[in-house]
Amino acid sequence: MDAYERITRNAAEVVTEEEVETLADDPDGKRAYVGYEPSGVLHIGHLLTANKLIDLQQCGFEVVVLLADVHASLNDKGTFEEIRDTAEQMKEQFLAYGLEEANTEFVLGSSYQLDEDYELDLHSLQVGTTLKRAQRAMAELQGDDTAKVSHVVYPLMQALDIEYLDVDLAVGGMDQRKVHMLAREELPELGYDAPTCLHTPIVGDLETGEGKMSSSTGTTISMEDSTAELEEKVNAAFCPPTADPEGDLVNPVLEIFRYHVFPRFDEVVVERPDEYGGDLVYGSYDALEADLESGELHPADAKSALAASLDELIAPGRERLRELRG
RNA sequence: CCGCCCUUAGCUCAGACUGGUAGAGCAGCCGACUGUAGAUCGGCUUGCCCCCCGUUCAAAUCGGGGAGGGCGGACCA
């Protein structure tokens, strides 16, 4: 797999392809970033972008993980002390998950976002951006909370972060695309470059196959799930024997195989009772999908394999969390 | 600052006029059926009725105060 392929695999979109091709021509030392609001426990959504960061590292990129304490504060997520504490836990979990420590720079937002230059640039952005535009950028992230002034400052800071972290590629979920598009339009107004962006898909809800999986409502997979909890959650997942269910639904079990399992494992073994034909081995997502579609692989067997794979992926982080919490 | 409207289950809302400590749909949970889940049946759960004070034997309901949210306050009509 060449650099361009690895950079763009499993991406929902890149903006623009030409710009990414240029990065892929000489990826060594290029910088990519994702920003996260500090959270005590990583969930599967975090891991989806982390997988992309791992891809990028394998291509030679330096990765910057922004632990966005100021953003969390703007989102009313607690005191700075609490937020920084969870930021530290988040960093440890990312490392346990598989980000290369030597090639990952963890940056606390407050380490530069309170500087004068940053503040003045932020005000310039505020002058140049309409309320409607900022609110639209934030709509995907904010939910239906009452709009606060902090909510419109938030995406402007995200835009500015891309410049101040000196990154060549901004990575985020599709929920971040409006923020990134805002950055592409507004940063040049301040004399900065428009950032190149890469967006990961948003995985469908585990239980219903609808929309995006939510971390606050419904079921999500997280770094602290026990083996038994993983089995329970995966077993409860929506999983018709097809990759393309009726309507707008998706098959979340397949999606997780595609976006979480196969990128991290060369081979997936599906343990299957002899009565149903014995074990199966898959070297690619496509092969697994084809077997589910044909009926060769039963959803229940796919699920137990998925739970086992997730357990393996999460185990180091789960262990690290246990150590951190004493 | 002024005016009007809203606040009841996780969600959307009924109930308020004619006081008697609350309902529906959806969601959720459990079971049946499928070698998964869903669908489909069957069953079940859920509430500081925004807060405080007052009237009353009795307040979600009436009165007063407060909080939060929405909308409006040139001209024209």
Side-chain angles (χ1 to χ4, degrees), chain A residues 41 43-45 48 74-78 130-132 134-136 138-154 175 201-222 225-262 265 268-282 285-314:
Chain A
V41 179
H43 59 66
I44 196 165
L48 188 53
L74 283 173
N75 243 346
D76 201 18
K77 293 290 173 63
T130 63
L131 268 180
K132 290 238 180 267
Q135 280 186 296
R136 264 190 294 136
M138 199 52 189
E140 305 278 336
L141 314 176
Q142 188 197 323
D144 49 15
D145 289 346
T146 301
K148 301 282 175 52
V149 174
S150 58
H151 290 141
V152 294
V153 174
Y154 191 109
D175 54 338
I202 302 296
V203 171
D205 183 86
L206 193 59
E207 290 191 334
T208 66
E210 299 164 348
K212 73 168 184 175
M213 195 187 295
S214 169
S215 53
S216 50
T217 64
T219 309
T220 193
I221 305 292
S222 89
D225 286 337
S226 67
T227 303
E229 282 169 332
L230 288 173
E231 284 168 356
E232 246 176 74
K233 289 178 178 181
V234 172
N235 181 53
F238 177 67
C239 186
T242 174
D244 187 21
E246 308 236 338
D248 294 330
L249 299 179
V250 298
N251 185 323
V253 170
L254 284 180
E255 287 195 334
I256 295 172
F257 268 116
R258 183 200 288 264
Y259 299 124
H260 291 274
V261 178
F262 282 99
F265 297 110
V268 173
V269 176
V270 177
E271 292 185 15
R272 193 166 64 169
D274 289 338
E275 94 179 88
Y276 296 123
D279 293 358
L280 293 166
V281 180
Y282 295 101
Y285 167 77
D286 288 339
L288 185 147
E289 180 190 304
D291 269 11
L292 189 82
E293 196 79 58
S294 74
E296 172 61 25
L297 173 62
H298 190 278
D301 295 321
K303 281 181 173 183
S304 57
L306 180 62
S309 300
L310 287 174
D311 190 55
E312 199 173 332
L313 284 171
I314 280 168

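Per chain, numbering begins at 1; letters A, B, ... match sequence-line order.
- Between the P atoms of U21(B) and G66(B), the separation comes to 31 Å (whole Å).
- Of the C1' atoms belonging to A59(B) and C49(B), the separation is 11 Å, rounded to the nearest Å.
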After noting the C-alpha distance and the side-chain angles of Ser150(A) and Val153(A), does the key distance pass the side chain to side chain contact (heavy atoms under 4.5 Å, CB included) rule? CA-CA 5 Å; Ser150(A) 58; Val153(A) 174; 5.6 Å; no
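- Base pairing annotation: C4(B) forms a Watson-Crick or G-U wobble pair with G70(B), both donor-acceptor distances under 3.5 Å.
- Annotation: C41(B) and C48(B) have their P atoms spaced 31 Å apart (nearest Å).
- Summarising the geometry, atom CG belonging to Leu230(A) is positioned 12.0 Å from atom CD belonging to Glu312(A); distances are rounded to the nearest 0.5 Å.
- A straight line from NZ of Lys233(A) to P of C29(B) spans 13 Å, rounded to a whole angstrom.
- Look at CZ on Phe238(A): it is 12 Å from P on U40(B), rounded to the nearest Å.
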Distance-only donor-acceptor hits, side chain of residues 298-310 of chain A, under 3.5 Å, sequence neighbours excluded:
unit_1: His298(A); atom_1: ND1; unit_2: Ala300(A); atom_2: N; d: 2.9
unit_1: Lys303(A); atom_1: NZ; unit_2: Asn235(A); atom_2: O; d: 2.8
unit_1: Lys303(A); atom_1: NZ; unit_2: Ala237(A); atom_2: O; d: 2.6
unit_1: Ser304(A); atom_1: OG; unit_2: Asp301(A); atom_2: O; d: 3.0
unit_1: Ser309(A); atom_1: OG; unit_2: Ala305(A); atom_2: O; d: 2.9

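- In this structure G31(B) sits in a base pair with C41(B), meeting the Watson-Crick or G-U test at under 3.5 Å.
- Of the P atoms belonging to C29(B) and G10(B), the separation is 15 Å, rounded to the nearest Å.
- Spacing between atom CG of Leu206(A) and atom C1' of G38(B) amounts to 13 Å, rounded to whole angstrom units.
- Rounded to a whole Å, the CD atom of Glu232(A) is 13 Å from the C1' atom of C29(B).
- Aromatic ring orientation, Tyr285(A) versus Phe262(A): perpendicular (interplanar angle above 60°, classes split at 30° and 60°).
- In this structure, OG1 in Thr130(A) is found 9.0 Å from CD in Gln135(A), a value given to the nearest 0.5 Å.
- C44(B) and C4(B): their P atoms are spaced 46 Å apart (whole Å).
- Base-pair partner of U36(B): not found among the strands shown (Watson-Crick or G-U wobble, both distances under 3.5 Å).
- The NE2 atom of His298(A) sits 13 Å away from the C1' atom of G38(B) (whole-angstrom rounding).
- For the pair Val270(A) and Asp291(A), the minimum side-chain heavy-atom distance is 4.5 Å or more.
- Two residues are said to be in side-chain contact when any heavy atoms from C-beta on lie closer than 4.5 Å; Ile202(A) and Leu48(A) fail this criterion.
- Pair assignment for C26(B) gives G10(B), based on Watson-Crick or G-U wobble hydrogen-bonding distances that are each under 3.5 Å.
- G47(B) is unpaired under the Watson-Crick or G-U wobble criterion, no partner having all donor-acceptor distances under 3.5 Å.
- The gap from the C1' atom of C5(B) to that of A9(B) amounts to 24 Å, rounded to the nearest Å.
- The partner of U56(B) cannot be assigned: no Watson-Crick or G-U wobble pair with both contacts below 3.5 Å exists in any strand.
- Distance CG/Asp286(A) to CZ/Arg258(A): 6.5 Å, rounded to 0.5 Å.
- Taking atom P in both U12(B) and C17(B), one finds a spacing of 25 Å when rounded to whole Å.
- Listed nucleotides: U36(B), G38(B), G35(B). Nearest to the side chain of Asp301(A): G35(B).
- Nucleic acid contact for Pro245(A): none, since no nucleic acid atom lies under 4.0 Å from a heavy atom of the residue.
- Rounded to a whole angstrom, the distance from the P atom of C6(B) to that of C62(B) is 11 Å.
- Proximity of residues 271-282 of chain A to RNA chain B (heavy atom under 4.0 angstrom from any strand atom) is restricted to Tyr276(A).
- The distance from atom NZ of Lys148(A) to atom C1' of G68(B) is 10 Å, rounded to the nearest whole Å.
- The distance between atom CG of Asp205(A) and atom P of A37(B), rounded to the nearest whole Å, is 16 Å.
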Under the side chain to side chain contact (heavy atoms under 4.5 Å, CB included) criterion, do Leu206(A) and Ile256(A) qualify, and how do the steps go? CA-CA 9 Å; Leu206(A) 193 59; Ile256(A) 295 172; 3.7 Å; yes
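- We find that CG of Leu249(A) is positioned 12 Å from C1' of A39(B), with the value rounded to whole Å.
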